[in-house]
Amino acid sequence: MSERDEQVGYDVHGTQAKWLPVWERLEPFRADDAAVLSGEREKKYALTMFPYPSGDLHMGHAEVLALHDVIARYWWMRGYEVLNPMGWDSFGLPAENAAIRNDEHPATYTYANIETQFTSMQRYGLSFDWSRRLHTSDPEYYKWTQWLFLKFRERGLAYRKNSPVNWCPNDQTVLANEQVLADGTCERCGAEVTKRELTQWYFRTTQYAQELYDCLDELQETWIGKVVNAQRNWIGRSEGAHVDFELHLDGGGTRPLTVYTTRPDTLFGATFMVVAADAPLAAEICSPAQREAFEAYRDQTRKASDIDRLSTERPKTGVPLGVTATNPVTGQQIPVWASDYVLAEYGTGAIMAVPGQDQRDWDFATAYDLPIIRTVQPPADFDGDAFTGTGPAINSANEEISLNGLDVAEAKATIIAWLERKGWGAGTVNFRLRDWLLSRQRYWGAPIPIIHCPVDGEVAVPEDQLPVELPELRGADLKPKGTSPLGAATEWVNVTCPTCGGPATRDTDTMDTFVDSSWYFFRYLSPHDSTQAFDPALAKAWGPIDLYIGGDEHAVLHLLYARFFTKVLRDLGLIDWDEPFSAYLSQGKVINNGRKMSKSLGNGVSLGDQLDAFGVDAVRLTLVFASPPEDNIDWADVSPAGSLRFLQRAWRLSGEVTSSPGASFADGSLDLRKVTHKTVHDAAQLVESYRFNVLVARVMELVNATRRTIEAGGAADPAVREATEVVAQLLSLVAPYTAEEMWERLGHQPTVARQPWPTVDEALLVEDSVTAVVQVQGKVRGRLEVSPDISESDLEAAALADPAVQKALDGATVRKVIVRAPKLVNIVIGA
RNA sequence: GCGCUCGUAGCCCAACGGCAGAGGCAACGGCUUUAGGUGCCGUCCAGUGUGAGUUCGAAUCUCACCGAGCGCACCA
């Protein structure tokens with residue numbers, strides 16, 4: 001016992017040491033599948049993002065775990081059967097880099113850190129069902145990651161293609177689009193990402209683009225808005241049209257050149273075309289005369305990094321391809337150019353350029369002196385370049401069709417219908433979302449279960465041979481060399497083809513670790529099942545997840561991938577719901593002095609130190625109380641010492657209650673009982689709307705009210721016992737050790753956390769009297785104590801009779817009286 | 001440039017369209033204490049970023065602007 005503990009009487013660390021083993025023995029939070037399968041109890045599935053084992057837990061973990069635990073514990077108290085599992089996302093690069101540094105196996109680092117984090121989580125007093133613990137790097141787990149990959153491939157949702165891909169020169173591996181930040185750097189290490197042409201595995205996420213987009217509407221209400229918004233932006237749905245131009249090749253002959261445009265209404269203003277310089281199409285159609293210039297330009301653009309390329313400040317450059325195309329509405333021959341401002345991977349990799357209505361095309365046209373035709377009438381005072389606003393169409397007619405005078409929306413519909421009739425185009429929808437590149441040239445991940453055979457090509461590893469386990473490599477074997485380290489394990493690589501029995505080789509890439517985490521919440525359902533990835537009956541019973549809590553950094557990455565996996569699993573017939581996370585809440589960051597905590601700034605706060613100094617409960621309380629969950633917490637603004645003081649005040653109550661357990665609360669004093677029941681009533685609403693910080697404030701009020709009653713000589717009042725028991729119960733959501741200790745001191749058995757939610761006596765929620773405010777012209781001029789069920793006419797009469805109100809009225813004419821019984825009267829005066 | 005979210009006491013944050021303050025931190029004062037710390041009691045502090053609008057009434061709804069955070073961005 002520290003000196004401080006001795007003086008205040010509350011032994012923080014002793015209390016922790018006392019209850020932790022009791023809870024381990026009682027296992028109060030084990031989820032009962034049978035109760036849910038039988039329908040005996042309603043289910044709740046609480047999930048928080050599982051951590052990567054990169055060392056011990058830090059403040060960020062502490063926050064999300066504390067928030068998450070409030071809701072899980074609340075559900076238990078409300079009588080639900082709660083599935084609240086935890087595991088580790090344990091494949092990934094840090095372990096591999098540590099293994100190289102220390103000349104060891106990545107598993108050494110990984111599993112040591114898992115044990116450290118597990119111990120810390122246990123001490124942190126969380127309501128996890130530890131019997132469902134999993135690690136994605138266990139062969140028992142990644143066997144099913146591989147199995148799912150094969151299922152996806154059977155449906156054509158996993159495929160290999162050659163394409164320019166994002167390459168991180170530091171991590172020596174390819175990256176998915178989602179892992180490259182907006183500034184062209186690696187999401188993981190910050191290195192500048194370059195491009196490489198490689199044959200890689202992809203998941204066909206684009207096949208689900210429309211559904212992933214549409215379902216966001218139903219998530220709008222229950223997900224935090226900015227995440228839905230981020231996903232909408234990332235999927236990037238746009239409506240437009242495909243338009244076919246006839247391309248005249250240099251050697252004679254024609255071929256169609258299809259473009260995607262969101263502005264088909266401006267087709268009459270298309271004065272040239274641009275093909276992405278790095279698209280194969282550009283090389284195919286380039287005339288011999290322009291070939292040399294084109295190739296020089298193309299090679300130069302390939303060398304440019306994304307950082308340069310993405311700069312919108314950069315002047316437009318390009319080279320003519322020496323061919324022309326026919327504008328289908330004007331019949332004009334327009335030149336075809338190659339440029340790097342058109343992206344090969346978006347749309348068809350070619351555009352119709354309408355400089356009159358598109359600033360990029362305008363810039364290009366002015367740089368190369370190409371014609372500009374306006375097809376939308378700008379306002380008289382418009383003095384910009386391209387006019388991208390709406391207005392009537394102009395210069396847009398031929399013998400067959402005229403758009404002139406139509407507004408943009410009408411013109412679009414008209415021209416699309418016409419193009420469709422002519423067979424020259426069609427309205428279409430396009431997405432920014434690309435397929436998910438899942439291959440990685442690193443060791444510590446799930447091997448891709450494919451065998452390459454010179455005879456049979458790509459062959460799936462037969463299901464009964466899964467998992468394809470990682471070969472034993474360590475230390476220098478794992479050094480990045482631009483190709484997968486697995487390639488060096490020749491005994492592992494060289495196999496016989498499952499189809500023809502001839503010599504063949506394994507695929508040497510591993511899967512992106514985001515694949516592992518895209519389905520872990522299914523594995524929690526039956527984590528020890530060796531016969532299937534998960535039990536569909538349990539998925540039906542427990543799913544979908546009722547609340548998912550995690551960090552914003554996964555707003556598009558993990559959350560989008562997990563949604564994609566869920567939809568595919570549904571189409572595989574394994575589940576019957578469409579979205580994995582019914583509600584999503586993102587927690588803010590824990591910062592210090594306005595800055596992100598970091599070693600270089602020297603402003604890091606050690607979770608372990610805080611726990612040692614103030615105890616688990618005070619740290620948890622501080623994190624929950626500091627702000628709404630999604631706001632950042634600045635550790636400089638909060639007071640764990642203040643939290644500890646409050647816990648001590650609450651704890652002290654439990655020692656001063658002199659009535660016996662089981663005392664009839666009905667005999668207690670009404671004033672305190674009303675506060676108690678109102679607090680319980682409001683607490684439920686506060687938890688369900690995730691306003692945990694306000695919940696804590698309300699418990700503080702209840703403690704204050706109870707203290708006042710005791711000071712007034714009410715220690716034996718049953719209302720004091722009732723209030724203190726409620727404090728213990730509500731506090732168990734946030735400060736489980738203190739709550740359990742209070743519960744015991746009040747004469748009860750553990751665990752307080754599994755006590756049913758206190759019953760609210762509705763009669764106690766009704767006030768005897770309320771203060772009605774009387775306003776004159778919206779300004780408060782008087783107050784009346786009235787019965788809560790006073791009639792509107794009585795209240796109006798009382799208000800008008802009030803001397804203070806009479807004075808304020810000063811004989812003026814009452815024009816109108818608004819009565820909102822029992823709380824408010826507003827008197828409107830004047831002519 | 002487009003989009004989403006948010007601006008309330010010195011600070012963190014509350015407030016079904018109806019009295020701007022629930023709770024906490026900090027500060028200050030008192031009591032307790034040899035002292036510091038702890039504890040208890042009390043005090044101080046804003047008219048809600050700015051400007052319009054809707055309304056009997058706006059922190060709350062609408063619009064514009066300013067500022068902050070986040071997402072997307074040469075995506076045609």
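Here is how names work: the chains are called A, B, and so on, in the same order as the sequence lines, proteins then strands, and each is numbered from 1.
With both ends at atom C1', the span from rG10(B) to rG17(B) equals 31 Å, rounded to whole Å. On the P atoms, rA15(B) is 15 Å away from rG49(B), given to the nearest whole Å. rG24(B) and rA9(B) have their C1' atoms separated by 13 Å, with the value rounded to a whole Å. Only the C1' atoms considered, rU33(B) is 49 Å distant from rC16(B), to the nearest whole Å. Between the C1' atoms of rU32(B) and rC40(B), the separation comes to 8 Å (whole Å). Taking atom C1' in both rU8(B) and rU48(B), the straight-line distance is 4 Å, to the nearest Å. Rounded to whole Å, the C1' atom of rC41(B) lies 43 Å from the corresponding atom of rC61(B). With both ends at atom P, the span from rC63(B) to rC6(B) equals 13 Å, rounded to whole Å.
Counting to the nearest Å, the P atom of rA73(B) and the CZ atom of R232(A) are 17 Å from each other. Per the geometry, CD1 belonging to I710(A) stands 13 Å off P belonging to rC40(B), to the nearest Å. Following rounding to the nearest Å, W635(A) (CH2) and rC25(B) (C1') show an atom-to-atom distance of 13 Å. The CG-C1' distance, from L695(A) to rA22(B), rounds to 13 Å in whole Å. Between the NZ atom of K678(A) and the P atom of rA22(B) there is a distance of 13 Å, given to the nearest Å. Spacing between atom OH of Y346(A) and atom P of rA76(B) amounts to 4 Å, rounded to whole angstrom units. Look at CG on N233(A): it is 16 Å from P on rG1(B), rounded to the nearest Å. Between the P atom of rC2(B) and the CD atom of Q359(A) lies a distance of 13 Å, rounded to the nearest Å.
Nucleotide rC31(B) has rG39(B) as its partner under the Watson-Crick or G-U criteria, with both atom distances under 3.5 Å. In this structure rC65(B) sits in a base pair with rG49(B), meeting the Watson-Crick or G-U test at under 3.5 Å. Summarising the base pairing, rA22(B) is matched to no nucleotide, lacking a Watson-Crick or G-U wobble pair whose two defining distances lie under 3.5 Å. In a base pair of the Watson-Crick type (N1 to N3 plus N6-O4 or O6-N4) or a G-U wobble (N1-O2 and O6-N3), with each distance short of 3.5 Å, rA14(B) is matched with no nucleotide. Using Watson-Crick or G-U wobble geometry with both donor-acceptor distances under 3.5 Å, rU8(B) finds no partner in any strand shown. Within the shown strands, nothing qualifies as a pairing partner of rG57(B) under the Watson-Crick or G-U definition with both distances less than 3.5 Å. Across all strands shown, rC70(B) is found opposite rG3(B) as a Watson-Crick or G-U wobble partner, with both distances under 3.5 Å.
T771(A) and E785(A) share a side-chain donor-acceptor pair at under 3.5 Å. A donor-acceptor contact closer than 3.5 angstrom is absent between the side chains of E239(A) and T262(A). In summary, the side chains of R691(A) and S689(A) do present a donor paired with an acceptor at a separation below 3.5 Å, with no hydrogens or angles considered. Side chains of T738(A) and D617(A): a donor on one and an acceptor on the other come within 3.5 Å. Side-chain contact annotation: R563(A) with Q231(A), donor-acceptor N/O pair under 3.5 Å present. In summary, the side chains of Q359(A) and D385(A) do present a donor paired with an acceptor at a separation below 3.5 Å, with no hydrogens or angles considered. Of the N and O atoms on the side chains of T317(A) and Y297(A), at least one donor lies less than 3.5 Å from an acceptor on the other residue.
In rG47(B) the O4'-C1'-N dihedral to the base is within 90° of 0, which defines a syn nucleotide.
Of the candidates rA76(B), rG71(B), rA22(B), rA22(B) carries the atom nearest the A697(A) side chain, counting heavy atoms from C-beta on. Considering only the side chain of Y341(A), rC74(B) comes nearest among rA22(B), rC74(B), rG71(B). Each of rC40(B), rG24(B), rG71(B) was ranked by its minimum atom distance to the side chain of R652(A); first place goes to rC40(B).
Nucleic acid contact for S643(A): none, since no nucleic acid atom lies under 4.0 Å from a heavy atom of the residue.
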Query raised in the report: What does nucleotides 11-18 of chain B look like as a protein-contact string, B for base, S for sugar-phosphate only, - for none, at under 4.0 angstrom between heavy atoms?
Result: SSSSS--B
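Between Y346(A) and Y260(A), the angle of the ring planes goes over 60°, which puts this pair in the perpendicular group of the 30/60° scheme.
OP1 or OP2 of rC40(B) has not a single side-chain nitrogen or oxygen of R707(A) nearer than 4.0 Å. When the side-chain nitrogen and oxygen atoms of K816(A) are compared with OP1 and OP2 of rC56(B), one or more of them lie within a distance under 4.0 Å. Side-chain nitrogen and oxygen atoms of N704(A) include at least one within less than 4.0 Å of the OP1 or OP2 phosphate oxygen of rG24(B).
Within a heavy-atom distance below 4.0 Å of RNA chain B, the residues of residues 427-435 of chain A found are R432(A), R434(A).
In this structure, F272(A) has its ring center no closer than 6.0 Å to that of Y368(A). Ring to ring, F364(A) and W337(A) are close: their centroids are under 6.0 angstrom apart.
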Query raised in the report: Checking side chain to side chain donor-acceptor pair (under 3.5 Å) for the pair Y561(A)/T205(A): CA distance, chi angles, key distance, verdict?
Result: CA-CA 8 Å; Y561(A) 295 148; T205(A) 40; over 6 Å; no
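Annotation: of the two residues near RNA chain B, D363(A) and R649(A), the 5′-most nearest-nucleotide partner is R649(A). Projected onto RNA chain B by closest heavy-atom contact, F646(A) and S639(A) fall at different nucleotides, the more 5' of which corresponds to S639(A).
Cation-pi geometry between K316(A) and Y341(A) is met: the NZ or CZ atom falls under 6.0 Å from the ring centre, inside 45° of the normal.
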